[in-house]
Visitor: 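One structure, as structure tokens, below. Some questions next.
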2 protein chains.
Amino acid sequence: MNLKNQVEWALHCCAVLSNLPEGRYLSARSLSEFHGVPKEYLGKALQGLSKAGIVHTTLGPSGGYRLALPAGEITFLNVVEAVEGRKSTFQCSEIRANNPCRPGDFCDDKPCAIARVMWKADEAWRQTLAAVSLADLQQTLQQDLPAEILRRSTEWLLDRAG
Amino acid sequence: MNLKNQVEWALHCCAVLSNLPEGRYLSARSLSEFHGVPKEYLGKALQGLSKAGIVHTTLGPSGGYRLALPAGEITFLNVVEAVEGRKSTFQCSEIRANNPCRPGDFCDDKPCAIARVMWKADEAWRQTLAAVSLADLQQTLQQDLPAEILRRSTEWLLDRAG
DNA sequence: GACAAATTACTCGGATACACTTTGTCCGAGTTTAAAAGG
DNA sequence: CCTTTTAAACTCGGACAAAGTGTATCCGAGTAATTTGTC
């Protein structure tokens, strides 16, 4: 079980969009060029973000994407779920019902004990992702990256932002 | 991203094997019949458990599987990793290196900030799974299930255990 | 110079193709127990 | 009754097939800004 690489791309795109001045838009083409990934396929991920209300888009030239909310109000979980979907990683297919010793009309009052554990783990995963916002990420990146690269990247982006 | 259904099957098989008296073995055929899943394919999952040292197997008639350790020393994580593999759900492909503003010889001293968050979430997931043992599961099941079904199931298993 | 029309640049969505993984089946080789055969 | 041989039941592993999902690519429709053309 692997997350799609679109999740990674979407997160990196959000990190870039966090650095964009308010009201400016950055096109899918520029985002794909900046990250070195195919534009058309990246578009699918961005459409996911758009549908989830995480980014806002405008059409036409100088159109593109910007965050629809302040970076502090968008979490990793929001982005991951927008691309990957909201359903649990563990799918219970109720095979306990196949037990030949169960009466046919027997009805369980609780979900399967195994599924409960797996879902709890899933919940822990989501909670960790929900605890980190794009603003947190931006702060981390500013500590990690040399100022020179940050400056040049910002310049590169502003050159292309509509 | 979904876990394989083999994970679910393997966990259910382990739950059954936890109820087996010490020294008895249960065949893949019986396990597949009990859970209503294809025998050959279930065999693949059991082979994973065997390779990971979670179950012990004997050949020949009256052969089959039993737990290789006390149920209290086998965790959900052990079983899940035996079937699903040990690598993280998030794969960092280092697309930050594609940033056109980075000098070609620049070397990051830390892993990507985005990957760090994703890996932390993965760790939380694993920690939750590592906190529950098969003994815990067995106890939960005994509280959940009616005594009648438990008794009949145990009888069914002992009939077939070698 | 003001207004309308055409062009351009972009997003969005659907259709399509390819590769990889999951899911499942089949069969042969090797191993151990149980049953049958022979003395 | 005891020993040897045969048969049966099982695991293990590899090869193979089908279905589903992930990873793209391509193209047409719609929209907004810009440019061009007209008065």
Side-chain angles (χ1 to χ4, degrees), chain A residues 1-10 13 17 23-33 35-66 68 80 82-85 87 89-91 93 95 160-162, chain B residues 1-10 13 17 23-33 35-66 68 80 83-85 87 89-91 93 95 159-162:
Chain A
M1 77 146 182
N2 283 334
L3 286 163
K4 323 189 200 192
N5 55 11
Q6 281 190 340
V7 170
E8 183 184 7
W9 300 353
C13 285
L17 293 180
R24 311 278 300 267
Y25 289 81
L26 194 61
S27 71
R29 169 186 305 203
S30 297
L31 283 169
S32 75
E33 189 184 343
H35 293 119
V37 300
K39 172 197 161 228
E40 315 270 5
Y41 190 34
L42 177 63
K44 300 291 181 198
L46 294 172
Q47 279 173 37
L49 295 181
S50 174
K51 201 173 291 182
I54 292 172
V55 299
H56 183 254
T57 139
T58 35
L59 300 179
S62 81
Y65 299 89
R66 66 165 170 81
V80 170
V83 175
E84 189 71 32
K87 66 174 190 224
T89 58
F90 181 82
Q91 233 61 17
S93 57
I95 65 175
R160 287 159 179 83
Chain B
M1 78 147 181
N2 283 336
L3 286 163
K4 324 189 201 192
N5 56 9
Q6 280 190 341
V7 170
E8 182 183 9
W9 299 354
C13 284
L17 292 179
R24 310 279 300 267
Y25 290 82
L26 194 61
S27 72
R29 170 188 302 203
S30 297
L31 283 168
S32 75
E33 190 184 343
H35 293 118
V37 301
K39 173 199 161 223
E40 316 270 4
Y41 191 34
L42 176 64
K44 303 287 182 199
L46 294 171
Q47 279 173 37
L49 295 181
S50 175
K51 200 172 292 182
I54 292 172
V55 300
H56 183 253
T57 139
T58 36
L59 300 179
S62 81
Y65 299 89
R66 66 166 169 80
V80 170
V83 175
E84 189 72 33
K87 66 174 193 227
T89 58
F90 181 82
Q91 233 61 20
S93 57
I95 65 174
D159 267 3
R160 287 158 179 82

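These numbers were taken from a predicted model, which means no experiment stands behind them.
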Visitor: Applying side chain to side chain donor-acceptor pair (under 3.5 Å), which residue pairs with at least one partner in residues 35-47 of chain A are found, sequence neighbours left out?
Guide: none
Visitor: The side chain of W9(A) is closest to which nucleotide in this list: dT22(C), dA24(D), dT11(C)?
Guide: dA24(D)
Visitor: Could you check whether any side-chain heavy atom of H56(B) comes within less than 4.5 Å of a side-chain heavy atom of Y25(B), counting everything from C-beta outward?
Guide: yes
Visitor: What is the minimum heavy-atom distance between V83(B) and A10(B), and which atoms define it?
Guide: CG2-CB, 3.7 Å
Visitor: Atom CG in L49(B), atom CD in Q6(B): separation rounded to 0.5 Å?
Guide: 9.5 Å
Visitor: Is the phosphate of dG22(D), meaning OP1 or OP2, less than 4.0 Å from a side-chain N or O of N5(A)?
Guide: no
Visitor: Using side-chain heavy atoms (C-beta onward) and a distance below 4.5 Å, is N5(B) in contact with S93(A)?
Guide: no
Visitor: List the atom of L17(A), the atom of Y65(A), and the distance in Å for their closest heavy-atom pair.
Guide: CD2-O, 3.6 Å
Visitor: About how many Å separate SG of C13(A) and CG of L31(A), when rounded to the nearest 0.5 Å?
Guide: 4.5 Å
Visitor: If I take atom NZ in residue K39(B) and atom C1' in nucleotide dT23(C), what distance separates them, rounded to the nearest angstrom?
Guide: 17 Å
Visitor: On a heavy-atom basis, which atom in E84(A) and which in M1(B) lie closest, and how many Å separate them?
Guide: OE2-N, 2.5 Å
Visitor: Rounded to the nearest angstrom, tell me the gap between atom OH in Y41(B) and atom C1' in dT11(D).
Guide: 19 Å
Visitor: Rounding to a whole Å, what distance do you find between E40(A):CD and dG28(D):P?
Guide: 13 Å
Visitor: Would you say a side-chain N or O of Y65(B) is under 4.0 Å from OP1 or OP2 of dC12(D)?
Guide: yes
Visitor: From CD1 of I95(A) over to P of dT23(C), roughly how many Å is that when rounded to an integer?
Guide: 13 Å
Visitor: Let me know the distance between CG of L59(A) and C1' of dT7(C), rounded to the nearest Å.
Guide: 17 Å
Visitor: Which pairs, protein N/O on one side and nucleotides 4-8 of chain D N/O on the other, fall under 3.5 Å?
Guide:
none

Visitor: Any residue in residues 43-58 of chain A with a heavy atom nearer than 4.0 angstrom to DNA chain D? Just list them by number, or reply none.
Guide: K44(A)
Visitor: Go nucleotide by nucleotide along DNA chain C from the 5' end; which of Q6(B) and S62(B) gets its closest nucleotide reached first?
Guide: Q6(B)
Visitor: Separation of L26(B) atom CG from dC10(D) atom P, in whole Å?
Guide: 11 Å
Visitor: State the CZ-CZ distance between R66(B) and R24(B), to the nearest 0.5 angstrom.
Guide: 13.0 Å
Visitor: In whole Å, what is the span from the CZ atom of R160(A) to the C1' atom of dA9(C)?
Guide: 16 Å
Visitor: Base, sugar-phosphate, or nothing: which does N2(B) touch, judged by heavy atoms less than 4.0 Å apart?
Guide: nothing
Visitor: Between R29(A) and dC10(C), is there a side-chain N or O to OP1/OP2 distance below 4.0 Å?
Guide: yes
Visitor: May I have the distance from L42(A) (atom CG) to dG22(D) (atom P), rounded to whole angstrom?
Guide: 17 Å
